[in-house]
Each structure stands twice: as structure tokens, then as C-alpha cells.
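Below: the structure, in C-alpha cells.
We name chains A, B, ... by the order of the sequence lines, and we start the count at 1 in each one.
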Amino acid sequence: MRYSQYYIPTLREIPADAELASHKLMLRAGMIRKSSAGIYSFLPLAQRVLKKIIRIVEEEMDRAGGMQVLLPIVQPAEIWKQSGRWDVYGEEMFRLQDRHQRDFCLGPTHEEMITTLIKNEVRSYRELPLRIYQIQNKYRDEIRPRFGVMRAREFIMKDLYSFDRDEEGLNRSYQAMYEAYERIFTRCGLAFRAVEADSGAIGGDVSHEFMVLAPSGEAVILYCEACAYAANDEKASAALPPVTMEELLPLEKVATPGQATVPEVTAFLGVNPDRLIKTLFYQTDEEFIAVLVRGDDELNEIKLGNLINKPYRLASPEELAAKLELPVGYVGPVGLKDKGVKVLADLRVKTMKNAVCGANLEDYHLRHVNLERDFTVDTYADLRLAKAGDPCPHCGHPLAETRGVEVGHIFKLGTKYSKALGATFRDEDGEEKPFIMGCYGIGITRIIAAAIEQNNDQDGIKWPLPIAPFQVTILALGVEQQAVAEEIYQELTAAGVEVLYDDRDERPGVKFKDADLIGIPLRLTVGPKSMAQGEVEVKIRRSGEELRWPRPEVTSRVLAFLKEENQRHSN
RNA sequence: CGGGGCGUGGCUCAGCUUGGUAGAGCGUUCGGUUCGGGACCGAAAGGUCGCAAGUUCAAAUCUUGUCGCCCCGACCA
């Protein structure tokens with residue numbers, strides 16, 4: 001490709017409304033332009049990268065038994081109402097009506113669509129398993145789109161849906177996808193980690209996220225350096241501390257005027273936060289729920305939500321005062337039963353002895369509070385937010401924390417959608433059974449951002465070879481060099497190399513700057529100095545390494561370089 | 001949804017406090033000189049000052065509304 005005939009509108013100045021390196025660089029390298037919040041046009045360079053990523057994904061999906069289809073983006077409300085998600089998805093769904101006022105949405109995902117399709121087509125266990133995928137635009141009206149294509153409202157996603165006749169089949173499908181994902185992200189040249197995850201609004205039980213490790217990532221990951229354990233912060237758990245032997249002291253009420261928060265109370269009473277029982281009040285439609293966590297812990301609302309399993313919200317101080325006569329800041333579990341409040345507690349509360357908590361009386365706390373003797377708990381569960389330093393739930397080694405960009409997420413859905421939508425097949429035993437489903441997503445457009453986030457420097461992007469828009473760029477510094485550059489361009493192109501030949505009538509500085517910004521892995525410079533010696537200058541973008549190759553060897557050396565680089569990313 | 005900020009040539013921004021001829025740099029076009037890390041000189045084109053209403057003799061500037069965009073937060077007692 002000749003640069004002079006190609007369109008790469010690079011920007012010299014940094015766009016004002018970009019925050020993240022990847023966002024800035026995609027704008028500056030002339031890859032994307034914003035249309036409206038979270039909605040972007042992809043220019044030629046970005047399109048080339050997209051195609052490369054899609055190609056890799058397609059190859060690995062096909063290899064793992066996937067079949068590609070194209071599904072409607074405009075989806076009827078009906079199927080969403082059947083699955084119950086028309087309401088659950090809420091504001092995040094782009095909704096529209098046709099001329100007959102029939103409701104539709106722009107598909108945020110395709111479980112309903114695919115399940116409905118399969119329901120009408122597949123009758124027998126003999127046709128299973130099925131692994132069907134699509135790579136298409138999806139739409140989510142995010143509360144706050146940000147970071148360019150990282151969190152966009154219109155984005156490209158690959159989703160594969162597996163249909164199996166039983167759990168074993170699902171496990172095989174899941175495993176096949178897990179392995180395919182590892183291959184895909186490795187081939188894209190990304191440093192990533194698979195972590196255990198909460199399955200969220202999609203539903204189902206087992207779930208893994210694939211995280212591209214980057215400090216700017218929105219997701220927090222806790223992982224063990226000693227074993228394979230890794231989970232996102234919504235899901236992560238920790239081993240319990242040992243139960244201490246301690247004599248139970250008599251319950252005591254102490255005045256703590258004006259001391260309402262954990263730091264205040266612990267400072268005032270001279271105890272550590274791990275001695276405190278923090279009591280939070282939530283409310284469902286029917287009842288108040290008190291949730292107990294240790295004073296140095298934070299409640300994980302995702303875990304709480306999974307336990308309660310119905311809509312809930314934090315109760316307001318006014319409600320507590322009015323309906324339960326409880327003063328916020330001085331609340332505790334003792335005596336709550338009498339008020340008809342259900343009490344949930346984090347597992348760690350079980351190990352606490354002689355604890356401190358609010359006395360349910362303004363300006364008073366209780367000390368030497370003990371479980372069973374002074375209060376009881378209806379249900380114990382892991383409800384706390386795990387944090388760095390906690391013992392690993394598998395091996396006890398302290399957990400470490402890092403951040404990542406979620407580029408893939410796989411779920412075992414089970415029968416959630418097949419049951420809701422009545423998608424069944426006739427099994428070998430003659431029984432009509434719902435399909436056992438799994439779904440497996442990859443944020444294609446997000447991979448671009450994640451890859452840049454992980455591979456850039458102050459000069460620009462450093463593309464991993466397998467997803468680089470071009471493999472090699474040739475700079476002809478002056479008019480005298482054009483003949484030679486042209487020759488090399490022809491040679492490499494004939495050899496099947498993807499070349500961006502910078503034949504523009506620009507000063508060398510401009511060409512160097514643009515080459516660095518666009519980030520093509522291998523740069524060949526034909527300039528007066530080296531040409532006089534019958535050589536070509538070579539710079540490897542990734543390492544910054546500079547070399548000189550004799551002119552006649554250029555093509556063979558380029559091919560050798562590409563081969564070696566590609567092997568580095570293969571598996 | 002709450003809070004904050006910003007909308008002025010393609011881009012980055014100044015001008016607004018104190019109303020009176022709309023500016024700079026970059027980019028673009030033309031001419032010339034340059035030519036190894038975003039050149040220099042000269043000339044030129046290019047703006048309903050987001051939109052609407054109001055105040056005023058007069059509004060980019062003041063007021064109100066509205067739309068868009070960016071950032072932070074969304075309750076842990």
C-alpha cells in the first residue's frame with residue numbers, strides 16, 4: 001500500500017477529550033473518529049486491525065467446532081419479555097418501535113435470539129452438540145461510555161452459544177472454549193490471565209473472564225502467586241482466619257458520644273477495626289435485612305445480591321429511624337431479631353470474639369459482644385470484598401492485586417434461557433429436555449484498545465505483529481531513494497508481505513514520527529547515508545533495535561523476521 | 001441519577017470578568033527556500049462563536065432554557 005494513496009489522518013496534537021493512552025493513540029494514529037458518545041467510525045487502519053483480530057477469532061472458533069452465523073441486530077421485544085430480561089436489562093437497552101408501534105431493541109447480546117432460533121430448528125439429541133457463533137455489532141446504552149472504544153455503546157463482539165444435551169457436554173464445550181480463548185489472546189500477542197468471575201446479568205453459575213493485564217484496566221483482579229487461583233474482585237474470596245481461643249467477657253454498654261464511623265469508634269475505644277462488627281441495612285420489597293461484616297472488611301454487594309436473589313437496596317437512615325427506630329452509626333445485631341429483621345453475616349463474623357458493635361441506641365456501643373450468647377445469625381455466607389494480602393482460598397498464600405481489561409467472558413448458562421424460552425429437544429430416553437447452554441463472548445473492538453494499552457510508548461503504538469495493520473513500513477527519505485524503495489516495496493509485496501510504503505512528499509521527520517505513531521512492527525528506511533553503502537536501515541518498533549541489512553538480503557531477512565515474530569505468538 | 005467542567009475555522013485553544021471591527025498556533029491551498037526525527041518565509045481560503053429565547057441602540061461576552069461532550073461520584077453507618 002502506498003501511503004500517498006491511503007488515508008491515515010494522524011494528529012499532531014493530543015485530542016482534548018481523551019484520557020487513556022489507547023484512546024489518545026487511536027485518535028492520533030487516525031484509526032477512529034467519534035460520532036457521538038461511545039459511538040465511533042473505524043478508519044482504514046483500524047479496519048485492517050479489526051479484520052486481523054476477527055480472522056484469528058474465526059480460525060480458533062472454527063477449530064473448536066464453532067459454526068458462524070449472522071443474527072438480527074434488531075430484535076423483537078417478545079423474546080426478551082419471554083426470558084424476563086426486557087425489564088431486567090433496563091436503561092441499558094437501546095429500544096425502538098416500528099411504524100406499528102411494535103417494540104424492538106438493538107441487541108445488547110444474543111441469547112434470546114439464538115435460543116429462539118435453535119428452539120424452532122433442533123428437535124433431537126442426535127443434532128447435538130451445537131456451537132454457533134456470530135461476530136456482529138452489539139448495542140448497550142452504557143451509563144457512562146468512556147475511554148474510546150474500550151467502553152463504547154456500539155461495539156463488535158463475538159458470541160458463541162453452545163447447546164448440549166447434558167452437563168458433561170456443557171463441560172466439554174466450556175473447556176473447548178476456554179482453550180480456544182487462551183489461543184486467541186496468545187495469538188493476538190496479549191499478556192492476559194483467566195480469572196473466576198461472577199456471572200452477573202447473563203445468568204448461570206460457572207464463569208471465567210479473560211483479562212488483558214493493564215494498570216488502566218477497569219477491572220480489579222486478585223490472584224495468587226503461589227497457585228493458579230485468580231478471580232475478579234466481584235468474585236474473589238479468601239481463606240478464613242483461624243478461630244482464636246479467647247475467654248468470653250461479659251457484655252458491656254459504653255458511651256461513645258459522636259463516634260459513628262468505624263475509624264471513630266475504634267480510635268475512641270482503642271480497639272482494632274477487626275474487632276468491630278459493621279452492620280449494614282438493606283431493604284427488599286418485603287423486609288429489612290441486616291448484613292454483618294467485620295469492621296476492616298467491605299461488603300461485596302454482588303455476593304449479597306446473589307444471596308438475596310431479589311431486588312434490594314440500601315435502606316436510608318430516615319427509613320431506619322422511622323421504621324425500626326435505629327440510629328445510623330450506632331447500630332448492631334444485638335436485639336435485631338425482636339424487630340423482625342433478618343440477619344445475614346459474612347463468614348468471618350463467625351470467628352469473632354468479644355466484638356464491638358452499635359448498641360442500637362444513639363451515642364452508645366456494646367463491647368464484648370459474642371455470637372450465639374448475645375445475638376444470632378440467620379445465614380452465613382461469603383459476603384466480603386476480598387483484598388490484596390488476604391490468604392488465597394486454595395493455598396493460603398497472600399493474594400496479589402492487579403488490574404485488567406475484560407476482553408472475554410465465558411459462562412455456563414445451564415437451562416436458564418432454554419427453559420424460559422421453551423427450547424427443548426427429545427433425548428435418547430424419549431424425554432423432552434431443555435438444552436444445556438453456554439455462552440462465550442469476546443469484545444473484538446475492545447481487544448484493539450487493550451492491545452494498545454499494553455503496547456505503547458511516548459512515540460505511539462507498538463503493534464504485536466499478528467494484529468498490526470501492516471507488517472512492514474518503508475520510508476523513502478528523499479527523491480533519490482524512491483527508486484530503491486519502490487523496488488523493495490515490489491519485492492516484499494510479491495513475497496506476500498503487507499507493506500505500507502511511505503512515498504509521500506514529506507520531510508523525513510514527519511515520516512519518522514508517523515511511522516512510530518502508527519506503530520508498524522518493522523521499519524525499513526532508505527536514506528542517502530545507508531544507500532551509498534548498499535544498505536537499508538532497519539528499526540524494530542517493539543524493541544527499538546536498529547540494524548543495517550545489505551540491500552540484496554532485505555526480502556529474505558524481512559521474511560525471516562516475520563516468521564520468527566509469528567512463532568513467538570503462536571502456540 | 002447527583003456534582004463539576006467545557007461547547008469559538010478541520011485540530012488545540014485565547015477572547016467573555018468590564019457588551020461595541022472574531023483572534024493565535026497547528027492543519028489546508030498557492031509561491032519560494034529547505035530536506036535524516038512533526039522546517040522556514042510570503043500570500044490565501046476557512047467561523048450561523050452548539051441551538052433557542054430574552055435583556056440591550058448593540059451579545060461570542062449578560063440572563064433563562066435546551067442540546068451535546070468530558071470528568072468525578074452513586075450511599076459500606
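Checking K529(A) against G295(A), the closest nucleotide of RNA chain B that is more toward the 5' end is the one next to K529(A). In this structure, V265(A) and R504(A) both approach RNA chain B, and ranking their closest nucleotides by distance from the 5' end singles out R504(A).
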| query | What does nucleotides 44-50 of chain B look like as a protein-contact string, B for base, S for sugar-phosphate only, - for none, at under 4.0 angstrom between heavy atoms? | reply | -------
| said: One character per nucleotide, please: for nucleotides 68-76 of chain B, 5' to 3', B when the base has a protein heavy atom closer than 4.0 Å, S when only the sugar-phosphate does, - otherwise. | reply: -SSBB-BSB
| remark: Expected string for nucleotides 26-35 of chain B under the B/S/- scheme (protein heavy atoms, under 4.0 Å, primed atoms plus P, OP1, OP2 as sugar-phosphate) is SS------BS
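Between the side chain of D459(A) and the base of G37(B) there is no donor-acceptor pair of N/O atoms closer than 3.5 Å.
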| message | Checking T525(A) against K539(A) for the side chain to side chain donor-acceptor pair (under 3.5 Å) test, could you report, in this order, the C-alpha distance in whole Å, the side-chain angles of both residues, the deciding distance, and whether it holds? | response | CA-CA 8 Å; T525(A) 307; K539(A) 184 168 180 183; over 6 Å; no
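Checking C1(B) for Watson-Crick or G-U wobble geometry (two distances, each under 3.5 Å) identifies G73(B) as its partner. Using the Watson-Crick or G-U wobble rule with both distances under 3.5 Å, U33(B) pairs with A39(B). Within the shown strands, G23(B) is the pairing partner of C13(B) under the Watson-Crick or G-U definition, both distances less than 3.5 Å. With a cut-off of 3.5 Å on both Watson-Crick or G-U wobble distances, the partner of C62(B) is given as G54(B).
A distance below 6.0 Å separates the ring centres of F470(A) and Y6(A).
Out of G37(B), G36(B), G38(B), the shortest distance to the side chain of R28(A) is found at G38(B).
One finds the OH atom of Y223(A) at 9.5 Å from the CD atom of E401(A) (value rounded to the nearest 0.5 Å).
If you check the side chains of E453(A) and S22(A), you find a donor sitting under 3.5 Å from an acceptor.
When heavy atoms are screened at a 4.0 angstrom cut-off, P327(A) is found touching no nucleic acid atom at all.
The distance from atom CG of L27(A) to atom C1' of U12(B) is 13 Å, rounded to the nearest whole Å.
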